[in-house]
Amino acid sequence: MREQYDVTVIGGGPAGLAAAIAADAAGARVLLIEREARLGGILKQCIHDGFGLVRFKEKLSGPEYAERFIDQFRAAGIDAMTLTFVTAIEKLPDGGFCLTAVSRDGVTAIESKTLILATGCRERTAKQVAIHGTRPAGVFTAGTAQHLTNLRGVLPTKKCVILGSGDIGLIMARRLTLEGAEVLGVYEAKPTPSGLTRNLHQCLHDFNIPLYLSHTVTRVFGADRLTAVEIAKVDDAMRPIPGTESVVECDGLILSVGLIPENELAESLGVALDPRTKGPVCDGSLMTSCPGVFSCGNALHVNDLVDYVSESGEQAGRAAAAFCGAARDLAPIEIGKELLYLVPQQIDRNADNATVTFYFRSREPMGKSRLRLQCGDAVLFEKTYPFLRPPEMERLTVDLRDLPADGALTAQLTSMEGGA
Amino acid sequence: MKLSKLQKKLRAAYGGKYAVTQADGVRTVTGESADWAEIVAVCAMAADRKRGLHVVNDVRFTGAEIAPMRLPALRDRALDGRTPDVLIIGGGISGASIARELTRRQLDVLLVEKESDLAIQASGRNDGEVHPGIDLGRGSLKHHYIIRGNRMFDRVCGELEVPFKRCGQYVCFEQAALKPVIRAYVWKRRHIDGIDDSVVISGKELLRREPQFNPSFKFAIYNPMAGCVCPYGLTIAYGENAVQNGAQISLNTAVTGMTVEDGRITAVETTRGTLRPKVVINAAGVFAEEVARMAGDRFYSIHPRRGTNSILDKKAGGLLSSIASIKKLEVNSGHTKGGGLLNTVHGNILAGPDAVETWEKENYATDRSSIETVFTKQKGTAPALTERDIITYFTGVRAANFEEDFVIEPGRKTKNLIHCACIQSPGLTTAPAVAEDVAAMAVQLLGGPDAVPENPAFDPHRKGVPTLRDLPPAERAAYIEKNPDYGEIVCRCEEVSKGEILDALNAPLCVPTVDGVKRRVRPGMGRCQGGFCSPLVMQIIAAHQGIPLSDVTKKGGGSVLTCGETKGGGGNA
């Protein structure tokens, strides 16, 4: 017999938990499917603090933050399948979806009116940033190094170089130092750091770990275990500059070179992806181009803080619970080149739109600048920021109830620095 | 070229730098040079296949120090005193397939491999193409074996439960004017070389079959008998079937010396003890020349040729469904078809390889320039090809000799030796056929078929690990019902279950390393490259072997993945 649900959430990390709780609270029959044995997603291995400052006004560790949602999830009695992997999703002819899920219990078919994809993201690997040389042990993505250190209790390196100043890389610089490993430096190909300012201070400066900007790792050495890496300066286009190479001896290379939203299931459903975010193109309710399919958390776009991940999960959960298949009148928002991305990417003119939450990042660090949302010539919203840094995501809510019935939607970011 | 003419030519080109002598069908080149490319060019000039002459390179290379063969860390006497009927040196596709063919007879077969797994060197580092025999003229051993080998793949891969697809190959041309020449070439292939599958198809037909190809292609040669296989998968399957039929495979075992008395090998020194085999088969790949030297039977030299392949995300799999390459007019500098594109049995696009001469037999480091060479050329085959889809890349080193042909024959001076050497492309394709002949040569050396009875227990069928991902839900459910581990997905990208990983560890040839498991059932082969699953695979290996997590290695030897426990000590997850 096939189980029937109103909302099926795929992924039991912070986004999925929040989505399931919100959908359940809105009265929907909810199932959450998680591929790992325990709920919590990547938070399980994030034993550092700093989670929940926005939401709970408290500094929690990752597991503590997750626990708050897991407790709520359990208290609500929401159905969950853990250690269960969704292998296929089929659209049903009369609306809704049929999922095929594999677990130790066998192969289960699940029918659901709506889907929330809370599948998180994966890490970019060494070969995806064109590191050449041998293939020794000792090259890890920061997340894998964190898993080994924090969940398995084994140390991935004793003396390492970290490539990329993304937050996980910075966190691991501190974590490995605390475990007695020597972190020789963090190398960043961009001219500016990729991680949050607070992490630069708390993880590098406080531990005297040097940060080398406009440098990258070009090559690794060692037949069995890593013995050294080659470092080179890079030009403005982040290409290594010949003649600037130097060799640094180490037994570990930890990579924090970017996160990629995981949207293989979304793609199998024909969901349109935004090349900027690598996540689905969504409307204000976080519904994708495929009616009844919602996206949230790091599968939607890579967030800087988990608090916003939970928020987008709740948004998707409420919207999925309320989904009735109404026709949409979708208006895409065209964004200016100063914006790295804007989520959601389109607005359903038929929806209520009383509070639309936007997330954006600037493409480059900017001083005083103004974000302006327009419909045709009419300014819907504008806000001035004292400065913008791409690693720090910005969030704003806008009342779009008075959205004009026609006219192109645009979002522009303009520098207000003198002279420009 | 006659010796006197060759000597004259060498003097004209290089003065007195190089000398060539000729005796017993072998030309020996001597001299000294710091320029490896020049040494290769001189020795290649000395080769004369028409006269059946081999080339031995005794030129002293002063340009760099040639690293000695890497030896395994493991040292014990586990094999000491063994007296196998047949000792096979080398666990590549040649050695593994020969071992399996020999188990058809009642023989004590021992295969030694210095690496921690089979197919670690050339056999595991190629594109897996089962060649149709393009550009092989009559008279070479490559040509002699290619058709027979190619036609055996359906049966062998069926018996060994190895995925194989006969996907066909296109050699594509942009110049319509070449069509008559190519038609004549295809006619020659069919009627003179006996390679009868090729046809010429129009550019329109090509683009109908492969819509992503360069629209300016005017025509193509289509070779329907071309196919592909997972090269290390096939080697491991051959090895497992050999073990299942009674052969012994000793990994981490290097041959370090031999005693030769009265033209016979009487003792073989290895890193795991001294062996006294009746017959020795030299299938040592890039090190076959060193083995021949130890055996007192060196009549060929190997000039290693490196090639790099890239593997693309399965999402790019729509680029082509076959094997293809653009054919450019300029003469290929290296002895290769200049790389191509291939849709593997696993559904990834593979791009490459290039071909670079090198003195380094075990340098598998990749370079940016190799990737650029291949992608620049292959964008001419399929313009949508992009480096952005690369998930990994690897380098292999081919064991080419200067004759550019296989050496498959009994020892010339040493009686109980068989060479299966200088096996470069298309050595994977020819392996099933070569293995039959080499096994027959060994039987002959042991007294002939009458003296060596057949093995009545021989089972040609190897039970592969089921690929649950590919099964319909009902069959998959049946497997999970029998063993719930098949329902626990460990690798999300390739959808590999814990049950499949344990099957790999319980197979006849257990290689309990992260790479060993990866090569057998694919966890870590996908787009995240093991980011998520490698700690889980490590945990499964540790539990299966009863070892601490910190003892698990990537590929054996010193390739430890972790450096002991954290301050808090072993985790509980």
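The chains referred to below are lettered A, B, ... by the order of the sequence lines, with proteins before strands, and numbering in each begins at 1. Keep in mind that the numbers below use all heavy atoms, side chains included, and drop hydrogens, waters and symmetry copies.
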Discussion item. For the CZ atom of A/Arg225 and the NZ atom of B/Lys554, what is their distance to the nearest 0.5 Å?
Written reply: 11.0 Å

Worksheet item: After noting the C-alpha distance and the side-chain angles of B/Gln539 and A/Leu151, does the key distance pass the side-chain contact (heavy atoms from CB on, under 4.5 Å) rule?
Response: CA-CA 11 Å; B/Gln539 189 82 22; A/Leu151 293 182; over 6 Å; no

Practice prompt. Pick one of side chain, backbone, both or neither for B/Leu468, based on which atoms fall under 4.5 Å of a heavy atom in chain A.
Written response: neither

Fill in: Choice from A/Ala130, A/Ala126, A/Gly138 maximising heavy atom contacts with chain B below 4.5 Å
A/Ala130

Fill in: Option in B/Phe532, B/Phe394, B/Tyr479, B/Tyr486 with maximal non-hydrogen atom pairs under 4.5 Å from chain A
B/Phe532

Item to complete: Measure B/Arg527 against the heavy atoms of chain A and call it side chain, backbone, both or neither at under 4.5 Å.
Response: both

Item to complete: Identify which part of A/Phe221 has an atom lying under 4.5 Å from any heavy atom of chain B, answering side chain, backbone, both or neither.
Response: neither

Fill in: Heavy-atom pairs under 4.5 Å with chain B, option from A/Pro136, A/Gly143, A/Ala37 with the top count
A/Pro136

Response to the item:
In terms of heavy-atom contacts, B/Asp367 and A/Arg219 come closest through OD1-NH1, 2.8 Å

Practice prompt. Heavy-atom distances under 4.5 Å only: say whether A/Thr82 touches chain B with side chain, backbone, both or neither.
Written response: neither

Worksheet entry | chain A contacts, top residue of B/Ala477, B/Gly564, B/Ser550, B/Pro473 (heavy-atom pairs, under 4.5 Å) | B/Gly564

Worksheet item: What's the spacing between B/Glu488 CD and A/Asp105 CG if we round to 0.5 Å?
Response: 11.0 Å

Worksheet item: When rounded to the nearest 0.5 angstrom, what is the spacing between OG1 in B/Thr566 and CG in A/Leu178?
Response: 12.0 Å

Worksheet entry | Beyond-backbone contact of B/Leu536 with A/His147, side-chain heavy atoms, under 4.5 angstrom | yes

Worksheet item: Looking at B/Thr562, B/Asp515, B/Thr366, which has the largest count of heavy-atom pairs under 4.5 Å with chain A?
Response: B/Thr366

Worksheet item: Between B/Met538 and A/Arg152, is any pair of side-chain heavy atoms under 4.5 Å apart?
Response: no

Item to complete: Against chain A, label B/Asp485 side chain, backbone, both or neither, depending on which of its atoms sit under 4.5 Å from a heavy atom there.
Response: both

Worksheet item: Quick check: are there more than 12 heavy atoms from other residues, nucleotides or ligands sitting under 6.0 Å from NZ of A/Lys158?
Response: no

Worksheet item: How long is the span from the CD1 atom in B/Ile391 to the CZ atom in A/Arg124, to the nearest 0.5 Å?
Response: 14.0 Å

Item to complete: Measure the spacing between CZ of A/Phe85 and OG of B/Ser497 and express it to the nearest 0.5 Å.
Response: 11.5 Å

Fill in: Selection from A/Thr218, A/Leu148, A/Ile260 maximising heavy-atom pairs under 4.5 Å formed with chain B
A/Leu148

Fill in: Spacing of A/Glu36 atom CD and B/Ile489 atom CD1 [to the nearest 0.5 Å]
13.0 Å

Discussion item. Need one label for B/Tyr393: side chain, backbone, both or neither, based on atoms under 4.5 Å from any heavy atom in chain A.
Written reply: both

Worksheet item: With respect to chain B, which residue among A/Thr87, A/Thr149, A/Thr84, A/Thr100 yields the maximal number of heavy-atom pairs within a distance under 4.5 Å?
Response: A/Thr87

Worksheet item: Does A/Glu267 CD have over 12 foreign heavy atoms under 6.0 Å away?
Response: yes

Discussion item. Less than 4.5 Å to any heavy atom of chain A: does that hold for the side chain of B/Thr392, its backbone, both, or neither?
Written reply: both

Item to complete: Measure A/Ala181 against the heavy atoms of chain B and call it side chain, backbone, both or neither at under 4.5 Å.
Response: neither

Practice prompt. Check B/Ser559 against A/Ala137 and note the closest heavy-atom contact, atom names and distance.
Written response: O-CB, 3.4 Å

Fill in: Min side-chain heavy-atom separation A/Arg122-B/Cys493 under 4.5 Å
no

Worksheet, complete the sentence: From the list B/Lys555, B/Glu481, B/Gln529, the residue making the most non-hydrogen contacts under 4.5 Å with chain A is B/Lys555

Practice prompt. Would you confirm whether A/Thr144, through its side chain, and B/Gly531, through its main-chain N or O, come within 3.5 Å as a donor-acceptor pair?
Written response: yes

Worksheet item: Does B/Cys528 offer a backbone N or O that forms a donor-acceptor pair with the side chain of A/Glu123 under 3.5 Å?
Response: no

Practice prompt. Please flag which part of A/Gln45 lies under 4.5 Å from any non-hydrogen atom of chain B: side chain, backbone, both or neither.
Written response: neither

Practice prompt. Check whether more than 12 heavy atoms from other residues, nucleotides or ligands sit under 6.0 Å from atom NZ of A/Lys159, and answer yes or no.
Written response: yes

Discussion item. Could you check whether B/Arg492 pairs with A/Glu262 (Lys NZ or Arg NE/NH1/NH2 to Asp/Glu carboxylate O, under 4.0 Å)?
Written reply: yes

